[in-house]
Amino acid sequence: MCPRRCGARRSRGVAGRCGMTAQLRVARSALHFWEEPPISGESGSGAIFFSGCPLRCVFCQNHEISSGGFGVDVSTERLAEMMLELEGAGALNVNLVTPLHFAPQVRRAVLLARGAGLTLPVVCNTSGYELPEVVRALGDVVDAWLTDFKYADARLAGELSAAPDYPEVAARALSAMVESVRAAGGRELAEDGSMRRGVIVRHLVLPGHADDSCAVLDRVWELAGNEVDLSVMNQYTPNEACRRAGGDLARGISEEEYEIVLCHADDLGFERIWWQEGGTVSESFVPAFDATGVEGPELGAPPARDA
């Protein structure tokens, strides 16, 4: 399911490098207001956070679920019902956060939900570390891709995410995402400005690495140009491990570093750039992983009745 190709027999209960077996596990399902404006809008995105992750980023803010294993085991039918519940709550979309190590189950859940009346666009929110064949296999159920492009330098990717192949893997995955959206008719917005179909490439600027950030933007421009929206983020916040280790990753990024990267994006010719205003480092963009919205009825189950 992922570029690690770890060979774990997940269907037999053996956890892969992602930390998960084949059993779906979800940490939260609720409205989320801290994505880019075309994704969150005023109503909020219907975010479903999956447990596990193939990457091991030293600066991860979601470590409780990415490597800590927190979450609740759910069935594919329950996942489908969560999507319908989010639509009922007024979500602009169904936002699947780090889902593709569960790609077959996720695809089936979306098809079940659509068969039961789901009309919202489906967003795949990914680290970018994906196999292009998995991206293509999800092309009929994913409408919009919200993907990271973290590094251009293999050495840095190996040091910070234990994935020296990240730059090339992310490039191939992004190309597959762009091709998928292009085949479906290209970028499309609703009347309210929310994204119905498209690709948003996110890049988190890391302190001390503005040069690599500029190289990332060069690569994205080369691969996709203005077929993608670009989101340049300044919200890097050192976690406890990074603060203990010291060095550049123990601090936030400077205004100068952020400005260098934003100016480079503008110079390249990106027409749609999302950026963050000051103060984001002191805020938390990480929701409470407390199993909100996870437990409940499965799709097609009869409603519970009082005794």
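This structure is a prediction, so every number in the text was calculated from the model and none was measured.
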Walk me through it: do Tyr258 and Val232 pass the test side chain to side chain contact (heavy atoms under 4.5 Å, CB included)?
CA-CA 9 Å; Tyr258 194 44; Val232 183; 3.7 Å; yes
Take Asp73 and Leu24, measure what side chain to side chain contact (heavy atoms under 4.5 Å, CB included) needs, and give me the verdict at the end.
CA-CA 6 Å; Asp73 291 349; Leu24 272 171; over 6 Å; no
When you look at Ile48 and Arg28, which way does the side chain to side chain contact (heavy atoms under 4.5 Å, CB included) test go after all the steps?
CA-CA 6 Å; Ile48 301 176; Arg28 180 181 175 87; over 6 Å; no
Yes or no on salt bridge (charged side-chain N to carboxylate O under 4.0 Å, His left out) for Glu85 and Arg78, after CA distance, side-chain angles and deciding distance?
CA-CA 10 Å; Glu85 290 169 357; Arg78 173 58 196 150; 2.8 Å; yes
Determine, stepwise, if the pair Val123 / Val142 fulfils side chain to side chain contact (heavy atoms under 4.5 Å, CB included).
CA-CA 6 Å; Val123 178; Val142 172; over 6 Å; no
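Partner of Met1 under the side chain to side chain contact (heavy atoms under 4.5 Å, CB included) criterion, chosen from Pro54, Cys18, Pro104: Pro104. Ser231 pairs with exactly one of His203, Glu36, Arg272, Arg202 by the side-chain hydrogen bond (donor to acceptor under 3.5 Å, both in side chains) rule, that one being Glu36. Considering Asp148, Asp165, Thr147 in turn, Asp165 is the only one that fulfils the side-chain hydrogen bond (donor to acceptor under 3.5 Å, both in side chains) rule with Tyr129.
Of the inter-residue distances, the one linking Cys263 atom SG with Leu217 atom CG reads 11.5 Å to the nearest 0.5 angstrom. To the nearest 0.5 angstrom, Leu31 atom CG is 11.0 Å from Thr292 atom OG1. Atom CE in Met83 sits 9.0 Å away from atom CG in Leu112 (nearest 0.5 Å). Asp153 contributes atom CG, which lies 8.5 Å from atom CG of Asp211 (distance to the nearest 0.5 angstrom). Here the straight-line distance linking atom CG of Leu268 with atom CG of Asn226 works out to 10.0 Å at 0.5 Å rounding. Distance CZ/Arg219 to CD/Glu222: 5.5 Å, rounded to 0.5 Å.
Inter-residue side-chain proximity for Trp145 and Val135 is flagged as met; some heavy-atom pair is nearer than 4.5 Å. In this structure, the side chains of Ser45 and Leu92 stay at 4.5 Å or more apart for every pair of heavy atoms. With contacts defined as side-chain heavy-atom distances shorter than 4.5 Å, the pair Trp274/Leu230 does not qualify. With a 4.5 Å cut-off on side-chain heavy atoms, Arg25 and Met20 count as touching. Glu35 has its side chain within reach of Leu146: a pair of non-hydrogen atoms, C-beta onward, lies under 4.5 Å apart. In this structure, Lys150 and Leu55 have side chains that are in contact, with non-hydrogen atoms separated by less than 4.5 Å. Annotation: side chain of Val122 is not in contact with side chain of Asn95 (no heavy-atom distance under 4.5 Å). A 4.5 Å side-chain heavy-atom check between Val220 and Phe270 finds at least one atom pair inside the cut-off.
Panel note: side chain Gln23, backbone Val74; a donor-acceptor pair is recorded below 3.5 Å. Side chain of Asp229 to main chain of Gly198: no donor-acceptor pair is present (N/O by atom type, distance under 3.5 Å, no hydrogens or angles). A distance-only check finds a donor-acceptor pair linking the side chain of His101 to the backbone of Ser51 [under 3.5 Å]. Within the 3.5 Å criterion, the main-chain N or O of Thr119 finds a donor-acceptor partner in the side chain of Glu87. Listed for the Ser180 side chain is no donor-acceptor partner under 3.5 Å among the backbone atoms of Ala176. Without hydrogens or angle criteria, Gln276 side chain to Gln235 main chain gives a donor-acceptor distance under 3.5 Å. Here the side chain of Tyr236 pairs a donor or acceptor atom with the backbone of Leu249 at under 3.5 angstrom. The main-chain N or O of Pro121 is never found under 3.5 Å from a side-chain atom of Asn93 such that the two would form a donor-acceptor pair. Remark: the backbone N or O of Ala171 is paired with a side-chain donor or acceptor of Ser175 at under 3.5 angstrom.
Listed here is the closest heavy atom pair of Gly293 and Met82: O-CG, 3.8 Å. Taking all atoms of both residues into account, the shortest heavy-atom contact from Ala224 to Val178 is CB-CG2, 3.9 Å. Residues Pro238 and Gly252 share a closest heavy-atom pair of CD-N, 4.4 Å. For Asn125 against Pro99, the heavy-atom pair with the smallest separation is O-CD, 3.7 Å. Here the closest non-hydrogen pair linking Asp248 and Gly208 is OD2-CA, 3.6 Å. Nearest approach of Cys60 to Asn62, heavy atoms of both residues: SG-N, 3.2 Å.
No donor-acceptor contact under 3.5 angstrom links the side chains of Thr237 and Gln61, judged on distance only. Counting only N and O atoms by type, the side chains of Thr76 and Gln105 include no donor and acceptor under 3.5 Å apart. Residues His264 and Asp218 have side chains that bring a donor and an acceptor to within less than 3.5 angstrom of each other. Ser161 and Tyr151 share a side-chain donor-acceptor pair at under 3.5 Å.
Taking Glu130 as the reference, nothing meets the salt bridge (Lys or Arg N to Asp or Glu O under 4.0 Å) condition, with sequence neighbours excluded. Residues passing the ring pair (Phe, Tyr, Trp, His ring centres under 6.0 Å) test with Phe49, sequence neighbours excluded: His32, Phe289.
Annotation: Glu255, atom CD; neighbour count of heavy atoms from other residues, nucleotides and ligands within 6.0 Å does not exceed 12.
A single hydrophobic cluster is not seen to contain both Ile200 and Val205; linkage of ILVMFWY side chains at heavy-atom distances under 4.5 Å, directly or through other members, places them apart. Grouping the Ile, Leu, Val, Met, Phe, Trp and Tyr side chains by contacts below 4.5 angstrom, directly or via other members, places Val97 apart from Ile39. Taking hydrophobic clusters as Ile, Leu, Val, Met, Phe, Trp and Tyr residues chained together by side-chain heavy-atom distances below 4.5 Å, Met195 does not share a cluster with Leu118. Put simply, Tyr166 and Phe59 are part of the same group of oily side chains (I, L, V, M, F, W, Y) that touch within less than 4.5 Å, one to the next. Cluster annotation: Val216 is connected to Val228 through the hydrophobic network of ILVMFWY side chains, with a link wherever side-chain heavy atoms come within less than 4.5 Å.
The pair Glu188-Arg182 does not count as a salt bridge, with every side-chain nitrogen at least 4.0 angstrom from each carboxylate oxygen. Taking a cutoff of 4.0 Å between a charged side-chain nitrogen and a carboxylate oxygen, Glu133 and Arg172 do not qualify as a salt bridge.
Within the structure, every pair that satisfies the salt bridge (Lys or Arg N to Asp or Glu O under 4.0 Å) test and touches residues 96-124, not counting sequence neighbours, is listed here: Glu77-Arg108, Arg107-Asp140, Arg114-Asp143.
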